[in-house]
Structure formats: structure tokens, C-alpha cells
Participant: 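I have a structure I would like to understand better, so I am pasting it below and will then ask my questions one at a time.
Positions are given from 1 along the sequence.
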Amino acid sequence: MKHVGETLLNHIESNKLKKKDIADNAGITTTYLSTIFHKESIDADLLERLCIAAGMSPMSFFEYPYAVHKEYSDITASTVVGAATVTIGQEKSLRDLLAEKERTIRILMHSLGIKENGTETGQKSSQID
């Protein structure tokens, strides 16, 4: 993580923002804002308020690779910034769901006396496999 105070101060100065406006919008005094410039880290709630007041992304304070890529056997997740969400087992669950639907269709067809090719067998059965 980058030095919070220095990063914030650099953003304010490079964008020619008024420190008083930032402090007022964040709900703190300008004196307290000046002390934050020397702090390496601060409370997350305060960081959020300062980011909103200064119009900057909270990601500005974190050092992160530009492309994150993780692989776990057949599961992959990649993202440009931040975390990626992976649903494990979704593919298997979809296959199981499709197999169950196929089984249900075969049972219904059998109970109605319809062969798999679509022709009627002439026999209706009340027994289900």
C-alpha cells in the first residue's frame, strides 16, 4: 500500500484542489487534513470520505499489478484491477441439471408411450424407471 498522506497530497496539489474544500467535504478540519498528509495509513471510513471529497479512486492508494491472473486446475480468473469472482463447480452443476432434465423427458415420454424417435409405441405405462 502506498503512503496515504503523500498520495492524497500529491493528488490535491497536482489537480490544484483547495485543501479547505477537501477538508470541509470530508467533514474534518484543515488542521487534521494537514496531519493526515504525514500519516502512512488511516481509517478506511476516513479514506473513503477523503476519496469522495478529492474525487479520487481508493485504488490510488494500493500498489497492484496491472493484470492479475490466477489459475487453479480448470478454473481461471483474470482481472485488470481488483478481485475476480469465480464460481467453482458451475460447469459440473450445469451438466448435472441438463442430465436430470433429459432423464425427466425420457420418463415422461415413456409414460406417454412415445419412443425416443417420436413415434408412439401404442402402450402407455404407469411404471416409471
Side-chain angles (χ1 to χ4, degrees):
M1 186 167 176
K2 297 177 184 176
H3 190 283
V4 173
E6 289 175 3
T7 305
L8 180 61
L9 181 61
N10 288 339
H11 176 79
I12 291 170
E13 290 177 346
S14 65
N15 290 289
K16 297 178 178 46
L17 302 173
K18 294 182 180 178
K19 294 175 188 170
K20 178 162 178 28
D21 292 341
I22 302 297
D24 289 343
N25 289 334
I28 60 174
T29 65
T30 52
T31 305
Y32 185 52
L33 179 62
S34 295
T35 62
I36 291 173
F37 295 145
H38 302 287
K39 292 188 176 199
E40 192 169 322
S41 65
I42 60 172
D43 178 70
D45 180 58
L46 178 57
L47 178 63
E48 180 182 28
R49 292 192 330 246
L50 287 168
C51 286
I52 292 169
M56 64 188 299
S57 169
M59 289 302 298
S60 305
F61 297 97
F62 297 95
E63 297 189 33
Y64 53 89
Y66 286 100
V68 176
H69 184 77
K70 294 183 180 181
E71 285 191 38
Y72 300 99
S73 66
D74 63 337
I75 302 165
T76 62
S78 59
T79 177
V80 175
V81 176
T85 302
V86 176
T87 305
I88 298 173
Q90 181 179 12
E91 185 177 334
K92 183 178 184 288
S93 297
L94 182 58
R95 282 190 200 138
D96 291 344
L97 180 64
L98 290 173
E100 182 62 28
K101 286 189 179 284
E102 287 291 326
R103 182 179 167 279
T104 303
I105 290 169
R106 282 195 303 275
I107 290 169
L108 291 172
M109 288 174 65
H110 183 274
S111 69
L112 293 172
I114 301 173
K115 291 183 179 180
E116 286 193 33
N117 65 4
T119 61
E120 291 189 27
T121 62
Q123 309 171 1
K124 294 195 180 201
S125 172
S126 61
Q127 214 174 20
I128 298 176
D129 295 330

Participant: Checking Asp43 side chain against Asp45 main chain: does a donor-acceptor pair fall under 3.5 Å?
Facilitator: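 Between the backbone of Asp45 and the side chain of Asp43 there is a qualifying donor-acceptor contact (under 3.5 Å).
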Participant: Within the supplied structure, the quantity of interest is the number of heavy atoms (other residues, nucleotides, ligands) at a distance under 6.0 Å from Glu13 CD; does it exceed 12?
Facilitator: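 Enclosed.
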Participant: How many angstroms lie between atom CG of Asn25 and atom NZ of Lys20, to the nearest 0.5 angstrom?
Facilitator: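 If we round to the nearest 0.5 Å, Asn25:CG and Lys20:NZ are 10.0 Å apart.
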Participant: Enter the distance from Cys51:SG to Leu46:CG here, rounded to the nearest 0.5 Å.
Facilitator: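 Spacing of SG (Cys51) from CG (Leu46) equals 9.5 Å.
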Participant: Nearest heavy-atom pair of His38 and Ser34: which atoms, and what distance?
Facilitator: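 Shortest heavy-atom separation between His38 and Ser34 comes out as CD2-O, 3.2 Å.
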Participant: So how far is it from Met56 CE to Asn15 CG, rounded to the nearest 0.5 Å?
Facilitator: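 Spacing of CE (Met56) from CG (Asn15) equals 8.5 Å.
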Participant: Is there a path of hydrophobic side-chain contacts, each under 4.5 Å between heavy atoms of I, L, V, M, F, W or Y residues, that connects Phe62 with Leu50?
Facilitator: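 Hydrophobic grouping puts Phe62 with Leu50.
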Participant: If Ile, Leu, Val, Met, Phe, Trp and Tyr residues are connected whenever their side-chain heavy atoms lie under 4.5 Å apart, and connections chain through other members, are Leu112 and Met109 in the same group?
Facilitator: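 The answer is yes; both residues are in one hydrophobic cluster.
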Participant: With heavy-atom distances below 4.5 Å as the criterion, would you say the side chains of Arg49 and Ile28 are in contact?
Facilitator: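 Side chain of Arg49 against side chain of Ile28, heavy atoms only: contact under 4.5 Å found.
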Participant: Give a yes or no on whether Leu9 and Ile52 share a hydrophobic cluster (residues Ile, Leu, Val, Met, Phe, Trp, Tyr; joining criterion: side-chain heavy atoms under 4.5 Å apart).
Facilitator: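 In one cluster with Leu9: Ile52, no.
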Participant: Linking I/L/V/M/F/W/Y whenever any side-chain heavy atoms sit under 4.5 Å apart, do Phe37 and Met1 land together?
Facilitator: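 Hydrophobic grouping puts Phe37 with Met1.
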Participant: First locate atom CD1 of Ile22, then atom NE2 of His11, and finally report the distance between them rounded to the nearest 0.5 Å.
Facilitator: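 Atom-to-atom, Ile22:CD1 and His11:NE2 are 6.5 Å apart.
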Participant: At their closest point, which heavy atom of Leu33 faces which heavy atom of Lys19, and how far apart are they?
Facilitator: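 Heavy atoms of Leu33 and Lys19 come nearest at CD2-O, 3.3 Å.
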Participant: Check Val4 against Phe61 and note the closest heavy-atom contact, atom names and distance.
Facilitator: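 Smallest heavy-atom distance, with atoms named: O-CE2, 3.5 Å.
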Participant: Which heavy atom of Ala26 sits nearest to which heavy atom of Ala53, and what is that distance?
Facilitator: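 Closest approach of Ala26 to Ala53, heavy atoms only: N-CB, 3.9 Å.
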